[in-house]
Amino acid sequence: MLLALLLLAGAQDAELRAIAEAVGRKDYATAEALSLARVERDPASALAWFYLGHARAAVERFAEAVDPLQKAVELGLTDPKVRFQLGHAAHRAGRHDVAVSALRAVTGRDEASYELGVSLFELKRYEEAVDVLGPLAAREGSWRSLARYHRGLALRALGREAEAVEDLRAVDDPRLRELPGAKAWGVEALAKAGYDSNVLLLPETSLARGSEEGAAFLQTFLTADWEGPVVVRGSVLDIRYDDLAEADIDAFLGEVAGRAALSSALAGRLSLHADAVRLGHDPLFRRGGAEAALEWAAAPALALETGLLWKAKDFRSSAFDDLDGSEAEAWARAAGEAWRAGYRLLRDDARENFLDVLTHRLEALVSLRPAADLELRFEGWLSAGAYGAPDPSTSRTRRDRRLGGRAEALWSAGGGLRLVAEAELERCDSSASDFDYTRAVGSLGALFAF
């Protein structure tokens, strides 16, 4: 279309018409020769300078194309498509200052936004690069992976390592796997020390209960991901309580996940899980199952997700045989750039009906960034759980209601290291008074991603 308009503009000029026709035939050698002859005789011909640059760029001689295209713009050929050609050639030639100036004037074209963001990155204008690449990285499309890759590099240069790792791990274009920074392996190590005012024994089971003893704890959590056609993730959790060894927890969590695009805005995810948990240094339970989810990019800054998770659970100690059974979860959530909100329905189905529990849970999270190297997160939840039958020992049906919140501050110290401060408060009101508790947990730690 652009060439047609330029041909029309030069319709009364036989020489320019011949150049345009050569370009139309993709006879770029002829177009270059004719254009070069014309600008030597008529250096004020903006069209001739444009055709000279266009012919060179068409055969990827970008470094030689920049000056003629820039001359065409200086002489008054300021159509956005001409500016895009100049910006594209300058970007490919490594003249990023020229590229930024030209591409700033181009709107509504994803390729221009991507090349503008990358040129800003190359000029070490990292904050601007993150801002320009953000909309591309947030919506489905052919430029999303490239945008997330280069935004990840810019975030890393700013010391925002956790966000960088998130972007680089989300790159799903196999052609990018070998680019610098898009590592096939990713590892995160978390270490926290704190005080738990009310230690909860047997987490994630129907026997979860409050202890009257508070205790200091040390928690370490190591996660390693391998990114390929599928994601393989292994995590090791270790929690040690001071003078409360029966509450110590060791866990291994494994996951294999695959993701496929079903349309430009819809993707499906399938994963398999295998977990093993030890309590007080003795095997507690193992479980395994599958998860399926749909992800929909409803808008540039809005993602919706719904899914199902099912796991079979086998307690290793004969004392808990009645708890062997299954866990199921269904959820729906919405997320923006700095928030997430959702609903979960959880079902713990044990062999004994009075241990079955159905839980409804509402949860929300807000993330704030008051400074480039500081992130604040505020999370809250409200849940109601009801057991399936009366407890034979009390003839009462137990119901639990929980209200809780967590505040977290993460400061990027650089080099992949983030310092973490966290405070959590949860109140459980149970129809069985033995299970009432108020839990307060404070901790300090460090998260290292590499």
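Predicted model only: the values in this text are computed from it and were never measured. Start at 1 with the first residue, then count along the sequence. As a basis for the values below, the full set of heavy atoms in this structure was taken, side chains included, without hydrogen atoms, waters or symmetry mates.
In terms of the side-chain hydrogen bond (donor to acceptor under 3.5 Å, both in side chains) criterion, D131 has no residue partners (sequence neighbours excluded). The salt bridge (Lys or Arg N to Asp or Glu O under 4.0 Å) test applied to E424 returns R406, not counting sequence neighbours.
Results of the ring pair (Phe, Tyr, Trp, His ring centres under 6.0 Å) test with F62 over H88, H54, H91 single out H88 as the only residue that passes.
Heavy atoms only, all atoms of each residue included: A409 and L376 are closest at CB-CD2, 3.7 Å. Closest of all the heavy-atom pairs between A20 and Y51 is CB-OH, 3.2 Å. Contact detail for V100 and L116: the closest heavy-atom pair is CA-CD1, 3.8 Å. Closest non-hydrogen pair, A330 versus L308, comes out as CB-CD2, 3.5 Å. Here the closest heavy-atom approach between residue V230 and residue G258 is recorded as CG1-CA, 4.3 Å. A pairwise comparison of heavy atoms in V187 and A224 identifies CG2-CB, 4.2 Å as the closest pair.
Here the side chains of L123 and E128 are not in contact, with every heavy-atom distance at 4.5 Å or above. No side-chain heavy atom of S35 sits under 4.5 Å from any side-chain heavy atom of W49. Using a 4.5 Å cut-off on side-chain heavy atoms (C-beta onward), T220 and L190 make no contact. Between L419 and L410 there is no side-chain heavy-atom pair separated by less than 4.5 Å. Put simply, the side chain of L155 reaches to within 4.5 Å of the side chain of V130, judged on heavy atoms. At a threshold of 4.5 Å between non-hydrogen side-chain atoms, the residues D250 and L237 do not count as touching. Between F378 and L365 there is no side-chain heavy-atom pair separated by less than 4.5 Å. Considering only heavy atoms from C-beta on, T359 stays 4.5 Å or farther from L345 through its side chain.
Using a cut-off of 4.0 Å between Lys/Arg side-chain N and Asp/Glu carboxylate O, R41 and E15 are scored as salt-bridged. Under a 4.0 Å N-O distance rule, the pair E327/R347 does not qualify as a salt bridge. Salt bridge annotation for D67-R95: present, with a cationic side-chain nitrogen under 4.0 angstrom from a carboxylate oxygen. With respect to the salt-bridge test (charged N to carboxylate O, under 4.0 angstrom), the residues R278 and D248 do not qualify.
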Note to self: If you apply the rule salt bridge (Lys or Arg N to Asp or Glu O under 4.0 Å), what do you find for R233 with E188, and how did you get there?
What the structure shows: CA-CA 11 Å; R233 178 175 295 116; E188 286 187 341; over 6 Å; no
Next item on the list: Begin with the C-alpha distance, continue with both residues' side-chain angles, and end with the deciding distance and a verdict on side-chain contact (heavy atoms from CB on, under 4.5 Å) for R377 and V366.
Entry: CA-CA 6 Å; R377 296 177 182 171; V366 176; over 6 Å; no
Next item on the list: Would you please test R427 and T438 for side chain to side chain donor-acceptor pair (under 3.5 Å) and show each step?
Entry: CA-CA 4 Å; R427 170 64 184 167; T438 298; 3.0 Å; yes
Next item on the list: Tell me, with the steps shown, if R56 and L36 meet side-chain contact (heavy atoms from CB on, under 4.5 Å).
Entry: CA-CA 11 Å; R56 290 173 175 175; L36 191 56; 4.3 Å; yes
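In this structure, a donor-acceptor pair under 3.5 Å is present between the side chains of E375 and S367.
Around CZ of R104, the count of heavy atoms belonging to other residues, nucleotides or ligands within 6.0 Å exceeds 12. Atom CH2 of W381 has more than 12 neighbouring heavy atoms from other residues, nucleotides or ligands inside a 6.0 Å radius.
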Could you list the donor-acceptor pairs under 3.5 angstrom formed by side chains in residues 265-275, with sequence neighbours left out?
unit_1 : atom_1 : unit_2 : atom_2 : d
R269   : NH1    : E295   : OE2    : 2.5
R269   : NH1    : E305   : OE1    : 3.4
R269   : NH2    : E291   : OE2    : 3.0
S271   : OG     : H273   : NE2    : 3.1
S271   : OG     : E291   : OE1    : 3.2
H273   : NE2    : E291   : OE1    : 3.0
D275   : OD2    : R287   : NE     : 2.9
D275   : OD2    : K311   : NZ     : 2.9

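Aromatic rings of H96 and F121 (six-membered ring for Trp) have centroids beyond the 6.0 Å cut-off, not under it.
Remark: R240 fails to qualify as a cation-pi partner of F217 under the 6.0 Å distance and 45° angle criteria applied to the six-membered ring.
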